[in-house]
Number of protein chains: 2
Amino acid sequence: MFTLPQKEFRMTTACPGSDSIQDLPSNKGDGLERECSRKPDQKLLKFYGVGDPAAELSSSSPYLSSRGSVIKWFWDSAEEGYRTYHMDEYDEDKNPSGIINLGTSENKLCFDLLSRRLSQSDMLQVEPALLQYPDWRGHLFLREEVARFLSFYCRSPAPLKPENVVVLNGCASLFSALATVLCEAGEAFLIPAPYYGAITQHVYLYGNVRLVCVYLDSEGVKVKGLILINPQNPLGDIYSPGELQEYLEFAKRHELHVMVDEVYMLSVFEESAGYRSVLSLERLPDPQRTHVMWATSKDFGMSGLRFGTLYTENRAVATAVASLCRYHGLSGLVQYQMAQLLRDHDWINQVYLPENHARLKAAHTYVSEDLRALGIPFVSRGAGFFIWVDLRKYLPEATFEEEVLLWRRFLENKVLLSFGKAFECKEPGWFRLVFSDKTHRLHLGMQRVRQVLEGQPQLADGAPPHQIQEPQGPHR
Amino acid sequence: MFTLPQKEFRMTTACPGSDSIQDLPSNKGDGLERECSRKPDQKLLKFYGVGDPAAELSSSSPYLSSRGSVIKWFWDSAEEGYRTYHMDEYDEDKNPSGIINLGTSENKLCFDLLSRRLSQSDMLQVEPALLQYPDWRGHLFLREEVARFLSFYCRSPAPLKPENVVVLNGCASLFSALATVLCEAGEAFLIPAPYYGAITQHVYLYGNVRLVCVYLDSEGVKVKGLILINPQNPLGDIYSPGELQEYLEFAKRHELHVMVDEVYMLSVFEESAGYRSVLSLERLPDPQRTHVMWATSKDFGMSGLRFGTLYTENRAVATAVASLCRYHGLSGLVQYQMAQLLRDHDWINQVYLPENHARLKAAHTYVSEDLRALGIPFVSRGAGFFIWVDLRKYLPEATFEEEVLLWRRFLENKVLLSFGKAFECKEPGWFRLVFSDKTHRLHLGMQRVRQVLEGQPQLADGAPPHQIQEPQGPHR
């Protein structure tokens with residue numbers, strides 16, 4: 001049975017490249033914490049399980065500061081898979097033997113709908129005010145539209161207010177800004193693991209803030225907040241209102257900020273999943289420390305549009321984030337387009353969402369049936385773009401080295417997945433497989449996955465798949 | 001005679017809110033350096049010459065980290081004038097007694113041309129690739145266009161290369177990213193003063209990097225680079241190729257990075273000014289440490305579009321900046337629009353630039369003649385959007401307190417200017433007046449300036465205006 005039980009959470013700190021690393025109490029026999037007290041760069045490199053530490057570090061540039069070298073390292077190594085992919089992208093006509101990307105969490109199912117909507121004549125509006133320095137919180141017309149949009153789609157008990165909205169160029173930026181204004185350098189946020197690994201960079205690169213993968217204590221590092229991703233990434237889990245309330249009460253007791261990342265809130269394609277936005281709760285236990293994040297990257301399949309928003313009642317936090325928005329601003333023309341899009345409830349409700357959900361559901365059914373046929377256990381809850389796949393039985397040894405080797409074999413067979421280590425998963429052998437893609441690419445991608453797995457020794461059979469598909473525990 | 005002589009540069013460090021402030025050797029009798037060794041917040045507040053320190057600080061929020069409070073402070077206080085302005089903006093029809101903004105350096109003369117060009121049908125292109133995660137350096141089609149554009153307009157001796165281009169959402173972000181990847185926290189860049197004061201925030205808020213207003217030594221703080229703004233802001237000065245070369249050679253001797261900010265490069269409206277981009281030099285003394293910045297904010301009058309670019313031959317710096325571009329990304333749709341705009345040399349050469357330069361020149365002539373009629377000395381060199389105005393004789397005492405009082409009287413009389421202190425000017429009494437606005441607003445703005453000055457006691461007459469209009473020295 002797959003669960004993410006609270007008591008089993010290992011406490012590990014994602015502490016890339018810092019020279020002020022805390023020596024955490026460690027669960028011996030597990031490599032991660034001990035690496036934290038070694039040379040940070042070794043840790044850094046092993047943390048992501050890619051590249052050769054010595055080679056990587058010797059290439060550090062004399063022109064960069066030490067933090068600049070760490071920042072560059074993230075680019076050089078964390079994107080290894082993506083660079084390989086971009087040099088050999090699959091194209092049905094031009095490069096049919098190219099790499100299929102089932103690694104990036106993007107929704108490629110609705111570009112037809114989006115292109116049509118965004119090409120309509122109401123989208124190109126060029127007024128002087130849009131070309132001038134904006135209110136760095138976002139133009140008022142857009143913040144008003146965001147407040148109305150979130151009130152409706154999050155089902156808030158009372159109308160949300162434009163003055164609590166700060167608009168910026170994506171949630172990566174928002175994590176960066178919140179980490180900086182809420183924490184001193186070296187402090188930490190809690191985050192339930194496995195989690196979307198890029199957040200490690202988002203809070204660290206500018207903010208020098210760490211993540212602690214647990215919600216318990218954290219000796220040696222001061223914890224300032226808790227990050228909840230709902231629906232969860234990579235699990236696709238949904239927090240029930242009760243669980244949400246429990247987390248919020250826990251945070252309140254400890255005076256922790258809670259950042260609730262709801263970027264997949266409209267990508268719940270199983271009605272029965274019963275998703276509830278944190279903004280729909282009758283009463284927030286600690287509204288001054290509850291900060292909600294949303295973006296169009298996932299729910300409107302537009303990662304390249306760079307639009308994200310913060311909703312917080314805390315004026316100081318909103319203002320401090322706004323002050324950093326000078327570095328996270330988005331074009332006035334795009335602000336106009338986003339306001340047009342978000343106000344078009346007819347199109348969203350009658351065209352986009354029903355079609356998007358139907359397509360997501362079909363793609364999800366396709367891949368999950370394929371996995372069942374292969375006898376591969378997986379986790380998936382009817383939300384998000386991914387399935388969390390248990391390939392533990394395909395590892396000759398239960399190590400993260402073997403996990404990367406398997407990941408590389410997938411890549412060599414021209415299909416890109418994400419490995420569990422990148423999500424701080426505690427067990428080697430889990431992979432995130434993105435299914436929100438056109439059938440012909442999914443078909444080919446799954447075929448290539450199957451080829452690799454059939455060339456692999458199957459060791460012991462793991463837990464039976466059906467139990468694994470129905471996880472119990474706090475993350476339902 | 002107005003000069004910016006090298007030997008007269010005071011060495012002051014802009015050290016907002018830091019607790020690791022260096023006690024610099026100070027020129028007693030001048031308040032600034034001594035304030036640096038006092039409470040940083042006092043310094044911070046006085047530095048910008050606005051607000052009541054005690055009142056401001058008592059409003060610091062318990063929810064923010066100490067750096068978060070400083071970040072918020074910048075928003076709360078530095079924008080005092082702009083907030084007042086935004087609550088009472090001048091509008092010819094709706095609010096004719098509202099505030100005229102001669103403070104923000106924006107070009108408001110060509111919105112008609114820009115709106116027409118940006119509304120053409122080639123501008124709205126919605127392809128899937130533009131909606132997906134981009135190459136964080138910028139889409140290749142845009143970086144190619146930027147390289148071609150800069151090759152042509154900077155007159156580079158050889159074609160510039162797309163791989164040396166990194167595109168992001170404005171030069172503020174670029175300063176932030178460069179400061180972070182080139183410096184450790186607490187290190188500094190040199191900058192000739194007076195300078196565009198916002199750079200203090202850009203390098204400090206995320207990067208924790210300071211500015212030292214001098215190019216000499218800097219005891220107690222490690223200097224890693226030199227920032228040159230060419231054409232200069234607020235002086236409108238242009239560096240001759242010889243001066244440029246001298247700065248670059250100096251930087252090379254001391255292994256300093258040089259960031260050359262050329263955001264006004266196409267806003268040189270006097271042909272005779274003889275502007276030369278640093279990229280036009282036959283040979284850069286230290287190409288690996290020379291980083292060029294350009295944006296459309298000024299030269300295309302689109303501060304709200306958020307498009308800036310880095311050009312550097314240094315691969316490590318380009319990559320490290322690209323790694324931070326996750327937080328400074330701009331929409332794929334805007335990237336497409338910018339590529340369309342930059343490749344349209346016919347429109348740029350035959351329509352936009354001639355008309356823009358003619359309008360800038362006319363507006364400049366109008367304001368400078370008005371200033372001459374008032375007997376007010378000023379500096380202006382035929383580039384940029386502003387005139388550096390010498391109002392020293394209108395201060396009852398030569399203090400920055402009096403400077404702010406005069407600035408407030410302008411604001412009370414509904415005209416917003418920028419005071420010299422915000423540019424780290426060493427002498428109280430200088431103001432930056434932006435002339436790139438429509439005649440009727442300029443006319444009314446200048447009338448209101450005159451009303452304030454005629455209500456002020458004129459003390460001794462300063463240096464004769466004509467000499468001041470023709471400054472000599474290193475900043476020609």
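Each chain gets a letter, A, B and so on, in the order its sequence line appears, and its residues count up from 1.
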What part of B:L118 gets closer than 4.5 Å to chain A, counting heavy atoms only: side chain, backbone, both or neither?
both

What part of B:Y327 gets within 4.5 angstrom of chain A, counting heavy atoms only: side chain, backbone, both, or neither?
both

In terms of heavy-atom pairs under 4.5 Å with chain B, the winner among A:L130, A:L168, A:N314, A:V334 is A:N314

Contacts of B:R117 that satisfy salt bridge (charged side-chain N to carboxylate O under 4.0 Å, His left out) - sequence neighbours left out:
B:D122, B:D344

So for B:A185, is it side chain, backbone, both, or neither that comes closer than 4.5 Å to the heavy atoms of chain A?
both

At a heavy-atom separation under 4.5 Å, does B:Q132 approach chain A through its side chain, its backbone, both, or neither?
both

Take A:V126 and B:L114 through the test side chain to side chain contact (heavy atoms under 4.5 Å, CB included) and record every step on the way to the result.
CA-CA 8 Å; A:V126 189; B:L114 288 162; 5.9 Å; no

I'd like to know whether CD of A:E255 has more than 12 heavy-atom contacts from other residues, nucleotides or ligands below 6.0 angstrom.
no

List for me each residue that meets ring pair (Phe, Tyr, Trp, His ring centres under 6.0 Å) alongside B:Y90, sequence neighbours excluded, and say none if there are none.
none

Using non-hydrogen atoms and a 4.5 Å limit, figure out which bit of A:T104 sits close to chain B: side chain, backbone, both or neither.
side chain

Give the C-alpha distance, both sets of side-chain angles, the deciding distance and a yes or no for side chain to side chain contact (heavy atoms under 4.5 Å, CB included) between B:Q337 and A:L124.
CA-CA 11 Å; B:Q337 292 169 333; A:L124 189 57; 3.8 Å; yes

Spell out, as yes or no, whether a donor-acceptor pair under 3.5 Å connects the side chain of B:N169 to the backbone of A:L330.
no

Full working for side chain to side chain contact (heavy atoms under 4.5 Å, CB included) between B:R67 and A:T180
CA-CA 7 Å; B:R67 58 186 178 178; A:T180 303; 4.0 Å; yes

Start with the C-alpha gap between B:R315 and A:Y63, add the side-chain angles, then the distance that decides, and say whether side chain to side chain contact (heavy atoms under 4.5 Å, CB included) holds.
CA-CA 10 Å; B:R315 315 273 358 109; A:Y63 297 104; over 6 Å; no

Minimum heavy-atom distance between A:G68 and B:A320, given as atom pair plus value:
O-CB, 3.9 Å

When you compare the side chain of A:W75 with that of B:R137, does any pair of heavy atoms fall below 4.5 Å?
yes

Let me know if A:L182 has heavy atoms under 4.5 Å from chain B in its side chain, its backbone, both or neither.
both

Heavy-atom check, side chain of B:L305 versus side chain of A:L333, under 4.5 Å
yes

Which portion of B:D135 sits near chain A, non-hydrogen atoms under 4.5 angstrom
side chain

Give, as side chain, backbone, both or neither, the part of B:H257 having an atom under 4.5 angstrom from any heavy atom of chain A.
side chain

Need one label for B:T296: side chain, backbone, both or neither, based on atoms under 4.5 Å from any heavy atom in chain A.
neither

Closest approach of B:S323 and A:I71, non-hydrogen atoms and distance?
OG-O, 2.8 Å

Among the listed options B:G332, B:S119, B:S176, the residue most often paired with chain A at heavy-atom distances under 4.5 Å
B:S176

Leading residue by heavy atom contact count with chain A [cutoff under 4.5 Å; candidates B:K224, B:Q335, B:H86, B:H202]
B:H202

Interatomic spacing from CE in A:M338 to OG in B:S331 - rounded to 0.5 Å
7.5 Å

Using 30° and 60° as the class boundaries, would you call the ring planes of A:H328 and B:H328 parallel, tilted or perpendicular?
parallel

So which atom in A:G304 and which in B:P134 form the shortest heavy-atom distance, rounded to 0.1 Å?
CA-CD, 4.4 Å

Please verify the inter-ring angle class for B:Y206 with A:Y206; under 30° counts as parallel, over 60° as perpendicular, anything in between as tilted.
parallel

Would you name the heavy atoms of A:R326 and B:A172 that are closest together and state the gap between them?
O-CB, 4.1 Å

Heavy-atom check, side chain of A:M302 versus side chain of B:Y133, under 4.5 Å
no

Atom pair CG (B:L64) and CD (A:E184), whose distance is rounded to the nearest 0.5 Å:
10.0 Å

Only pairs of heavy atoms separated by less than 4.5 Å count here; which of A:Q288, A:E127, A:E187 has the most with chain B?
A:Q288

A:E106, part contacting chain B, at a heavy-atom distance under 4.5 Å
side chain

By a 4.5 Å heavy-atom criterion (distance strictly below it), what part of B:A318 contacts chain A: side chain, backbone, both, or neither?
neither

